[in-house]
Amino acid sequence: MTDLVPKKPSLDGLEAKWSERWEAEHTYRFDRAKTRDEIFSIDTPPPTVSGSLHMGSVFGYVQTDAIARYQRMTGKEVFYPMGWDDNGLPTERRVQNFYGVRCDPSLPHDPEFAPPQEPYDPPRPISRRNFIDLCHILTEEDEQAFEHLWRTLGLSVDWTQTYATIDRHSRRVSQRAFLRNLARGEAYAQEAPVLWDVDFQSAVAQAELVDKERQGAFYRLAFRRPDGTPVHIDTTRPELVPACAALVAHPDDERYAALVGSTVRSPLFDVALPVIAHPLAEPDKGTGIAMVCTWGDLTDVVWWRELDLPTRPVIEPTGRFRAATPDWIDSEEGRTAYRELAELFPNQARRRIAALLDEGGHVVGEPRPVTHAVKFYEKGDRPLEIVSSRQWYIRNGGRNEELRRTMLNLGDELDWVPDFMKVRYRHWVEGLNGDWLISRQRFFGVPIPLWYPVRDDGGVDYDNPLIPTEESLPVDPSSAAPPGYDEGSRGRPGGFIADPDVMDTWATSSLTPQIAGHWEDDVDLFTRVFPMDLRPQGPEIIRTWLFATLLRSHLEHGSSPWAGTSINGWILDPDRKKMSKSFDNVVTPLPLIEEYGAEAIRYWACKGRPGADTAVDFGVMKIGRRLAIKVLNASRFALGFGATDRKEDITEPLDRAMLAALLATVEQATAAFDEFDYARALETAERSFWQWTDDYLELAKTRAYGDGATSRSAHAALRMALSVYLRLLAPTLPFVCEEVWSWWRQGSVHRTAWPQPEEFAGLVGDPVVLEHTAEVLSAVRGAKSTAKVSMRAPVESVTVSASEEVAAALRRAEGDLKAAARTESIEYVPGDLAVTVRLAQ
RNA sequence: GGGCGCUUAGCUCAGCGGAAGAGCGCUGCCUCGACACGGCAGAGGUCACUGGUUCAAUCCCAGUAGCGCCCA
C-alpha cells in the first residue's frame with residue numbers, strides 16, 4: 001500500500017477541488033431507501049436571497065452543516081435540503097431599484113418587454129406579469145450566488161433537493177395548505193380595521209410591527225357639554241376629531257362619573273358623542289378622559305368593537321383624508337371645516353386642523369411637546385394608519401385560549417438548543433392579541449387561490465368563494481378562471497372576480513417541512529422525513545417562522561413539525577456592537593474565504609457557542625487557518641513511516657497512553673455533538689489535537705524514525721490516531737480532512753463511521769504516562785528557553801523529584817523522554833513533583 | 001417599561017461550588033529529519049459592582065450598572 005503524501009501540502013484550491021468531487025461522486029446525495037429511524041432530517045432555513053450575502057448568513061448555516069456532517073458519520077442518512085426565500089416585499093423592492101420599474105396592475109402584459117441594461121429613470125410602470133417575470137430573473141441570479149457561496153463553504157447539502165418559496169411546487173403546497181385551513185374553518189375572511197402601510201398599500205401583521213419614537217404634541221381640546229361648559233381632552237392626533245365616535249373615562253374615575261351617559265359635542269364639527277365608561281381608559285393619562293376615533297390606535301379598535309360604536313373612518317387606504325365630506329358631520333360649520341382637510345395626508349391635516357381649532361378657540365393653552373411610540377411597518381417609513389379592509393386570517397390562538405394552550409404545549413415539547421430560547425417563544429404566544437393576518441396587497445407572492453361570484457346586480461358575494469380543486473394547484477386566479485366559469489365572464493354580472501391578494505411570505509415559509517418533504521405529492525418521501533429532526537434558525541424569527549411552522553403543522557398534521565430546534569446567536573461587528581449595515585456590506589463572506597480559506601470561516605462559525613452572540617473576529621479565522629495547516633503537516637509526519645495499520649503492533653506504554661487520552665476525547669466530542677453542541681465538540685477535538693502534535697509527536701518522533709517493534713508501535717499508533725483526529729475534525733474542517741483522507745484511505749471521510757470507543761479495545765494504556773512525561777518535557781523546554789538555547793541543545797542530566805507512582809509512570813516512557821529531552825541521564829528522587837535540568841556545556 | 005442573554009488577562013472567549021484557563025496580541029529564544037502559513041517559553045486577572053446562602057462562591061440567590069436581542 002502506497003500513501004500519496006505530497007511533499008509540501010497546501011490548503012490552496014481545496015475548496016474547488018473537493019466541492020467538485022463531492023458533487024461528481026454524490027457524496028451528500030440523500031438515499032431515500034432508508035427508513036425514518038435511519039434518517040436525520042433538517043428543516044433548513046431558506047435564506048432571503050434578495051439581500052446581500054453577509055456574515056450572518058454564513059454563521060448559522062455552517063453550524064448546522066457541522067451537525068449534519070456528524071449525523072451522517074454516525075450512520076444516519078441525512079436529509080439536508082436547501083430552499084430560497086424569494087417571495088415578498090424585499091424582492092419587489094430590489095426589482096424596483098435594480099431595473100427602475102414599478103408595478104401597475106392596471107397595465108396589460110407586454111410580451112415584448114425585456115429587462116433594461118440600465119435602470120429606468122424615472123421608474124417605468126409595467127404590468128404585474130412583466131414585473132413578476134423580473135422578480136424571477138433577479139432571484140435566480142441571487143440564488144446562484146448563494147449556491148456558489150454554500151458550495152465554497154462546504155455545506156453538505158443535497159443539491160438535488162432544492163426549492164424556492166415562489167416556485168411552482170411551493171405555491172402548490174402553500175395553496176393546498178390554505179385551502180385545507182379554509183375547509184376546516186381555520187382560515188377566514190373578515191372586514192375589519194387593519195394596520196395599514198400607506199406607502200406599500202398593504203395590510204401589516206402583528207409580527208411585522210415595530211415601535212419607533214416620534215416627536216409629537218399633546219393638544220388640549222375643549223368638547224362641549226349640553227350646558228356649554230367644556231370637557232377637556234388631551235390628544236396627539238387632533239386631525240381625528242372628525243372621526244370621533246365617543247368619549248371614554250374609567251368607571252372608577254369620580255371626576256367624570258356624572259358625565260358618563262350624557263352626550264357632548266365635538267369642537268369644530270359639532271358632532272354629538274356619547275360619554276361611556278371603560279376600564280381601558282387611563283385616569284393618569286392626560287385629563288383622564290379620551291376621545292375614541294375610528295381608528296387612531298389599537299386601543300380605539302378595542303373600544304370601537306367592545307362598545308359597538310359607529311364606524312366613522314376619515315383616512316383612506318391611500319393615506320389621505322377622504323374627499324367626500326362624511327355624512328355624520330351635519331352642521332354647516334362642521335362641513336366647512338372638513339372640506340379644509342379633504343385629501344390631505346394626516347400630518348398636513350394635523351397642522352391645518354390645529355390652526356382651525358385655535359382660531360375657533362377650541363384649544364386650551366399651548367401644545368405640549370411629547371415623545372411617544374408610534375407603530376411602523378418594520379420596512380416602512382411612515383407611521384401605520386388603521387383602515388377598514390377585508391382580509392384573510394388564520395386562527396393562531398390569539399383569540400382562542402384552547403389553541404393558545406396547545407401552541408404553548410407544543411413549544412414546551414420541543415427540544416430547544418439552547419434551552420433559554422424557549423422563553424422567547426412562550427412570551428410571544430402569550431402576547432398574541434389577534435389571529436394571523438395572511439393576506440397582503442402585493443404582487444410577488446403566492447396568490448390566494450380563490451374567486452368570488454359576481455351577482456346579477458353586480459355585487460360581489462364574498463361569503464361564498466369559488467374554490468379550485470387541489471389537483472389544479474397552483475392557480476393564479478387573476479389569469480385562470482374558476483371551475484365552471486370561462487374567462488369571458490370575469491368581472492361581469494353572473495361571472496366572477498379573482499381575489500386580488502397574495503399571501504404573507506410566512507404563510508408559505510411556515511410550510512418548509514411540507515415543501516421540502518413533498519407533502520401529498522410524494523407521500524413515500526414525506527413519511528420518511530417528517531416530522532423532521534432539527535429546525536435550525538435565527539433568534540429573531542422565533543415569533544414568525546418558528547411559531548407559524550409549528551401552527552401550520554399542528555393544524556394540518558396534529559403534530560409538531562420537528563423534534564428539536566437550535567437557535568443560533570446574533571452576529572456582532574468586531575467592536576461587539578450590533579452589525580451595522582455599512583460594516584455588513586464591507587465584510588462579505590467570499591473575499592474572506594479567499595483570504596483565510598473556507599475552513600477558517602467555518603472554524604470561526606463553529607467556535608460560536610449555540611445561541612451565543614458572536615463577533616466577527618479575523619483573529620479567530622486566522623487560528624482556524626493555522627489549525628487546518630497543522631492538520632496537513634501533522635498528517636504528513638504521521639504518514640511518513642511504515643504503512644502498518646496492525647493494531648497488535650501498538651505495544652509501547654507511551655503510545656497506549658496517547659490512545660487513552662484520545663478515547664476520552666472521542667467520548668467527550670460525541671457527547672457534545674449528540675446535544676448539537678458543535679462548538680464544544682470542536683474545542684475538545686482541537687485541544688486534544690494540539691496536545692497530540694506538541695507533546696506526543698515530539699516524544700514519539702525519535703522512536704518513529706527507527707525500525708523494529710517499538711518503532712512499528714509508533715507507526716501504527718500515529719496512523720490510528722490520525723484516522724481518529726481526521727474524523728473528529730471532519731465536521732468542522734471538511735476540506736482538509738477529506739484531502740488528507742484521500743492520501744491513504746478509500747472513499748470519503750464524510751461517509752466514514754464516526755470514531756467508536758470499540759476501535760480502542762485492547763489498546764488503552766495508562767494516560768498518566770503521557771501526562772507526566774509531557775510535564776517533564778515541558779520543564780526541560782523551559783530550562784532551555786531560560787538559557788536561550790535551542791530545543792535541540794543536549795542536556796547533561798535531568799533530575800526528577802516525584803512520588804514513586806509518578807516515577808514509575810515516567811520510567812515506562814523513559815526512552816522517549818530521554819530522546820525528546822536530548823539527555824542520556826534521568827534520575828529520580830522522592831518528593832513533590834519538581835524537575836531540575838543541567839544543560840551540557 | 002417588560003422578558004431573555006451577556007459582563008472572566010490589552011483583545012476574542014472557555015470554565016460555572018472546592019488552589020483562575022485557552023488562543024490572539026506582547027516579550028524572549030529557536031530554522032531541529034511534519035510544520036517559519038512554524039516551534040518553545042515567559043509576563044499579564046480583587047472572574048462588572050453591592051449584598052446574601054455555604055466550611056468554601058468566578059460559579060448559587062437577590063439587587064445595581066453597562067451592552068445586546070426580542071417585545072410593549
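All figures in this text were calculated on a predicted structure; none of them were measured in a lab. Lettering follows sequence order; numbering is per chain, from 1.
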With rounding to whole Å, what would you report as the distance between [N] and [M] at their [atom1] atoms?
N      : M      : atom1 : answer
B/rG28 : B/rG66 : P     : 42 Å
B/rC61 : B/rC6  : P     : 11 Å
B/rG5  : B/rA62 : P     : 11 Å
B/rC47 : B/rC59 : P     : 10 Å
B/rG45 : B/rC26 : C1'   : 16 Å
B/rC67 : B/rU53 : P     : 32 Å
B/rC30 : B/rA48 : C1'   : 41 Å
B/rU50 : B/rU12 : P     : 23 Å

Counting heavy atoms from C-beta on, name the nucleotide in [options] closest to the side chain of [X].
X        : options                : result
A/Trp570 : B/rC70, B/rC32, B/rG28 : B/rC70
A/Arg626 : B/rC35, B/rG23, B/rC70 : B/rG23
A/Ile623 : B/rG23, B/rC70, B/rC30 : B/rG23
A/Ser778 : B/rA41, B/rC35, B/rG15 : B/rA41
A/Arg424 : B/rC35, B/rC69, B/rA14 : B/rC69
A/Arg792 : B/rG39, B/rG3, B/rG33  : B/rG33
A/Ala615 : B/rU12, B/rC29, B/rA14 : B/rU12
A/Ala612 : B/rA14, B/rC4, B/rG39  : B/rA14
A/Met791 : B/rC40, B/rC70, B/rG23 : B/rC40
A/Lys788 : B/rC37, B/rC35, B/rG28 : B/rG28

Query raised in the report: Quick one: are A/Pro610 and A/Asn568 in side-chain contact, heavy atoms under 4.5 Å?
Result: no

Would you say [X] reaches [N]'s phosphate, i.e. side-chain N/O to OP1/OP2 under 4.0 Å?
X        : N      : answer
A/Arg609 : B/rG5  : no
A/Lys8   : B/rA36 : yes
A/Thr614 : B/rU12 : no
A/Arg822 : B/rC32 : no
A/Lys622 : B/rG23 : no

Query raised in the report: Are the side chain of A/Ser510 and the backbone of A/Trp506 linked by a donor-acceptor contact shorter than 3.5 Å?
Result: yes

Query raised in the report: Counting only N and O atoms by type, is there a donor-acceptor contact under 3.5 Å from the side chain of A/Thr684 to the main-chain atoms of A/Arg680?
Result: yes

[N] [atom2] sits how many Å from [X] [atom1], rounded?
X        : N      : atom1 : atom2 : result
A/Leu14  : B/rC37 : CG    : P     : 17 Å
A/Leu697 : B/rC35 : CG    : C1'   : 10 Å
A/Lys701 : B/rG39 : NZ    : P     : 12 Å
A/Phe618 : B/rU12 : CZ    : C1'   : 13 Å
A/Leu432 : B/rA72 : CG    : P     : 10 Å
A/Leu682 : B/rA22 : CG    : P     : 18 Å
A/Leu777 : B/rC30 : CG    : P     : 19 Å
A/Asp419 : B/rC16 : CG    : C1'   : 16 Å

Query - Check: A/Thr670/A/Tyr70 side-chain N/O donor and acceptor closer than 3.5 Å - result: no

Report task. Would you tell me whether A/Arg719 and A/Ser723 have side-chain atoms, one donor and one acceptor, within less than 3.5 Å of each other? Result -> no

Report which part of the nucleic acid [X] touches: base, sugar-phosphate, or nothing (heavy-atom distance under 4.0 Å, all strands).
X        : value
A/Ile629 : base
A/Trp604 : nothing
A/Arg625 : base
A/Arg680 : sugar-phosphate

Query - Upstream residue (5' side of RNA chain B) when A/Leu632 and A/Phe420 are each assigned their closest nucleotide - result: A/Phe420

Report task. Using the closest heavy atom to pick a nucleotide of RNA chain B for each, name whichever of A/Lys784 or A/Asn633 lands nearer the 5' end. Result -> A/Lys784

Query raised in the report: Can you name the one residue among A/Arg687, A/Arg602, A/Lys607 that meets side-chain contact (heavy atoms from CB on, under 4.5 Å) with A/Leu682?
Result: A/Lys607

**Report entry** Base B/rG28 to side chain A/Ser785, donor-acceptor N/O within 3.5 Å cut-off
**Finding:** yes

Query raised in the report: For A/Leu726 and A/Leu722, what are the C-alpha separation, side-chain angles and deciding distance, and is it a side chain to side chain contact (heavy atoms under 4.5 Å, CB included)?
Result: CA-CA 6 Å; A/Leu726 290 176; A/Leu722 181 64; 4.0 Å; yes

Classify the ring geometry between [X] and [Y] as parallel (under 30°), tilted (30 to 60°) or perpendicular (over 60°).
X        : Y        : value
A/Trp416 : A/Tyr425 : tilted
A/Phe59  : A/Trp604 : tilted
A/Phe689 : A/Trp692 : tilted

**Report entry** Verdict with reasoning, A/Leu632 to A/Trp743, per side chain to side chain contact (heavy atoms under 4.5 Å, CB included)
**Finding:** CA-CA 11 Å; A/Leu632 289 175; A/Trp743 294 345; 3.9 Å; yes

Query raised in the report: Could you write out RNA chain B as a dot-bracket string, with dots for unpaired bases, | for bases paired across to another strand, and Watson-Crick or G-U pairs counted at under 3.5 Å?
Result: ((((((((.[[[[.)..(..]]]].(((((.......))))).....[[[[[..)....]]]]]))))))).

